[in-house]
Undergrad: 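Sharing a structure with you now.
Atom set for the values below is all heavy atoms of this structure, side chains included, hydrogens, waters and symmetry mates excluded. Along the sequence shown, the residues carry numbers beginning at 1.
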Amino acid sequence: MNKAEKTKQFIVEMTAPVFNEKGYTGTSLNDMTNATGLTKGSIYGNFASKDEVALACFDYNLKKVNTIIRQEMDKKTTCRDKLMVYVHIYENFLKHPFPTGGCPILNTAVEADDTHPLLKQKAVDAFLSWKGVIIHLIEKGKEEGEFSEDVNAEQTALTMIATIEGCIMIAKLTGKMNYRNAIMQSVAKMVDEL
């Protein structure tokens, strides 16, 4: 990496937690300069706009989540165990280097659905990718006789994602971790019954 690339990476790493916690609208230029220790000119000398920084931060935060999930899935051999990775990670997300502020898909989807088309598209793409991974694992599990042939892979994927994201929202909203644990037990049951 050359110096400019290192500076861009530094800006993203330092501002990604801010964008994930405060959102696009809530993150000010002052927040960005405070997080990086750089001047406005340094930030906008490396990025064309706040939009460009926010999009790069979303990608960075999403990559952190996907890396955690992929690393844990790589340790598993069965499709069921790979799906259970979601339960274990989201039940124990404090034990993993999760992005500050929680799930970037949920955070971005809630804020950007009506206000920021480019960020919304990033969240949509991330959701579709996640859905695709779950569908693939279910279909593979069906082929290998691990799951029932009549399991609707897309419906199950949608239900899992909605339940996990709803769980995160409820736990963050109420601060009650026992709610998170109860909801994640429902996801575990869903996977067990495939």
Undergrad: Kindly give the heavy-atom pair with the smallest separation between Val191 and Met160, and that separation in Å.
TA: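 Taking Val191 first and Met160 second, the nearest heavy atoms are CG2-CE, 4.0 Å.
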Undergrad: Do Ile11 and Phe47 have side-chain heavy atoms sitting under 4.5 Å apart?
TA: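 Sidechains of Phe47 and Ile11: in contact.
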Undergrad: Holding to side-chain hydrogen bond (donor to acceptor under 3.5 Å, both in side chains), I want the full list of residues that pass it with Thr100, two or more places apart in sequence or in another chain.
TA: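 If we apply the side-chain hydrogen bond (donor to acceptor under 3.5 Å, both in side chains) test to Thr100, skipping adjacent residues, there are no hits.
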Undergrad: Checking Thr15 side chain against Val18 main chain: does a donor-acceptor pair fall under 3.5 Å?
TA: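 Not confirmed, Thr15 side chain does not pair with Val18 backbone.
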Undergrad: For Thr39 and Ser42, does a side-chain donor sit closer than 3.5 Å to a side-chain acceptor?
TA: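 The answer is yes; a qualifying pair exists.
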Undergrad: Show the nearest heavy-atom pair for residues Phe58 and Ala126, with the distance to one decimal.
TA: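 The pair with the smallest heavy-atom distance is CZ-CB, 4.0 Å.
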Undergrad: Main chain of Ser28, side chain of Asp31: is a donor-acceptor contact present, judged purely on distance under 3.5 Å?
TA: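 A pair under 3.5 Å: yes.
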Undergrad: What's the spacing between Met73 CE and Ile89 CD1 if we round to 0.5 Å?
TA: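 Reported value, rounded in 0.5 Å steps: 7.5 Å.
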Undergrad: Just checking, any donor-acceptor pair under 3.5 angstrom between side chains of Gln185 and Asn181?
TA: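 Result is no, nothing qualifies.
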Undergrad: So Met84 and Val187, do their side chains get closer than 4.5 Å, heavy atoms only?
TA: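 No; the side chains remain at least 4.5 Å from each other.
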Undergrad: Could you go through Phe19 and Tyr60, starting from their C-alpha distance and side-chain angles, then the distance that decides it, and tell me whether this counts as side-chain contact (heavy atoms from CB on, under 4.5 Å)?
TA: CA-CA 11 Å; Phe19 276 102; Tyr60 176 81; over 6 Å; no
Undergrad: Starting at OG of Ser49, measure out to CD1 of Ile43 and round the result to the nearest 0.5 Å.
TA: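 Between Ser49 OG and Ile43 CD1, I get 12.0 Å after rounding to 0.5 Å.
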Undergrad: State, to 0.1 Å, how close Ile138 and Ala157 come at their nearest heavy-atom pair, and which atoms those are.
TA: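 Answer, listing the atom of Ile138 first, then Ala157: CD1-N, 4.4 Å.
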Undergrad: Atom CG of Leu119 and atom SG of Cys57: how far apart are they, to the nearest 0.5 Å?
TA: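 The CG atom of Leu119 sits 9.5 Å away from the SG atom of Cys57.
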Undergrad: Using side-chain heavy atoms (C-beta onward) and a distance below 4.5 Å, is Met14 in contact with Leu38?
TA: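 No - every pair of side-chain heavy atoms lies 4.5 Å or more apart.
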Undergrad: Report yes or no: does Asn34 contribute a side-chain atom to a donor-acceptor pair with the main-chain N or O of Asn30 at less than 3.5 Å?
TA: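 Checked: pair present.
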Undergrad: Does a salt bridge link Lys142 with Glu139, judged by any charged N lying under 4.0 Å from a carboxylate O?
TA: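 Salt bridge flag = yes for Glu139 with Lys142.
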Undergrad: Would you indicate whether the side-chain heavy atoms of Leu83 and Phe147 approach each other to under 4.5 Å?
TA: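 Yes - at least one pair of side-chain heavy atoms lies under 4.5 Å apart.
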Undergrad: If you draw a 6.0 Å radius around NZ in Lys64, do more than 12 non-hydrogen atoms from other residues or ligands fall strictly inside?
TA: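 For Lys64, atom NZ is crowded (more than 12 foreign heavy atoms under 6.0 Å).
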Undergrad: Which one of Asp51, Thr25, Thr108 satisfies the side chain to side chain donor-acceptor pair (under 3.5 Å) criterion with His116?
TA: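 Answer to the side chain to side chain donor-acceptor pair (under 3.5 Å) test with His116 among Asp51, Thr25, Thr108: Asp51.
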Undergrad: Taking all atoms of both residues into account, what is the closest heavy-atom pair of Glu193 and Arg80, and its distance?
TA: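 The answer is N-NH1, 4.3 Å.
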Undergrad: Do side-chain atoms of Arg180 reach the backbone of Glu91 as a donor and acceptor pair under 3.5 angstrom?
TA: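 Yes; judged by distance alone, with no hydrogens or angles, the pair exists.
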Undergrad: Tell me if the NZ atom of Lys50 is crowded by more than 12 foreign heavy atoms within 6.0 Å.
TA: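 Yes, NZ of Lys50 has more than 12 neighbouring heavy atoms, counting only those of other groups under 6.0 Å.
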Undergrad: Can a donor-acceptor pair be found, under 3.5 Å and without considering hydrogens, that links the side chain of Lys82 to the backbone of Lys76?
TA: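 Indeed, once roles are kept as given, a pair shorter than 3.5 Å links the two residues.
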Undergrad: Test side-chain contact (heavy atoms from CB on, under 4.5 Å) on Val12 and Asp59; report intermediate values, then the result.
TA: CA-CA 9 Å; Val12 169; Asp59 290 341; over 6 Å; no
Undergrad: Please find the pair of heavy atoms, one from Lys8 and one from Asn46, that lie closest to each other, and give the distance.
TA: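 Closest pair (atom of Lys8, atom of Asn46, distance): CE-O, 3.2 Å.
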Undergrad: Looking at side-chain heavy atoms only, is the closest gap between Ile69 and Val133 below 4.5 Å?
TA: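 No; the side chains remain at least 4.5 Å from each other.
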Undergrad: Quick test of your reading of the model: are Glu72 and Lys75 salt-bridged, counting only N-O distances below 4.0 Å?
TA: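 A salt bridge is present here (some side-chain N lies under 4.0 Å from a carboxylate O).
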Undergrad: Please answer whether the main-chain N or O of Asp125 pairs with a side-chain N or O of Ser129 as donor and acceptor at a distance below 3.5 Å.
TA: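 Between the backbone of Asp125 and the side chain of Ser129 there is no qualifying donor-acceptor contact (under 3.5 Å).
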Undergrad: Of Val151, Thr159, Leu158, which meets side-chain contact (heavy atoms from CB on, under 4.5 Å) against Gln155?
TA: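 Of the listed residues Val151, Thr159, Leu158, the side-chain contact (heavy atoms from CB on, under 4.5 Å) partner of Gln155 is Thr159.
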Undergrad: Kindly determine whether Tyr86 and Ile134 satisfy side-chain contact (heavy atoms from CB on, under 4.5 Å), including the steps that lead there.
TA: CA-CA 10 Å; Tyr86 292 111; Ile134 294 172; 3.8 Å; yes
Undergrad: Can you list the residues that meet the side-chain contact (heavy atoms from CB on, under 4.5 Å) rule with Asn61, with sequence neighbours excluded?
TA: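 Testing Asn61 for side-chain contact (heavy atoms from CB on, under 4.5 Å), a comparison that skips the adjacent residues, returns Ala16, Asn20, Pro99, Pro104.
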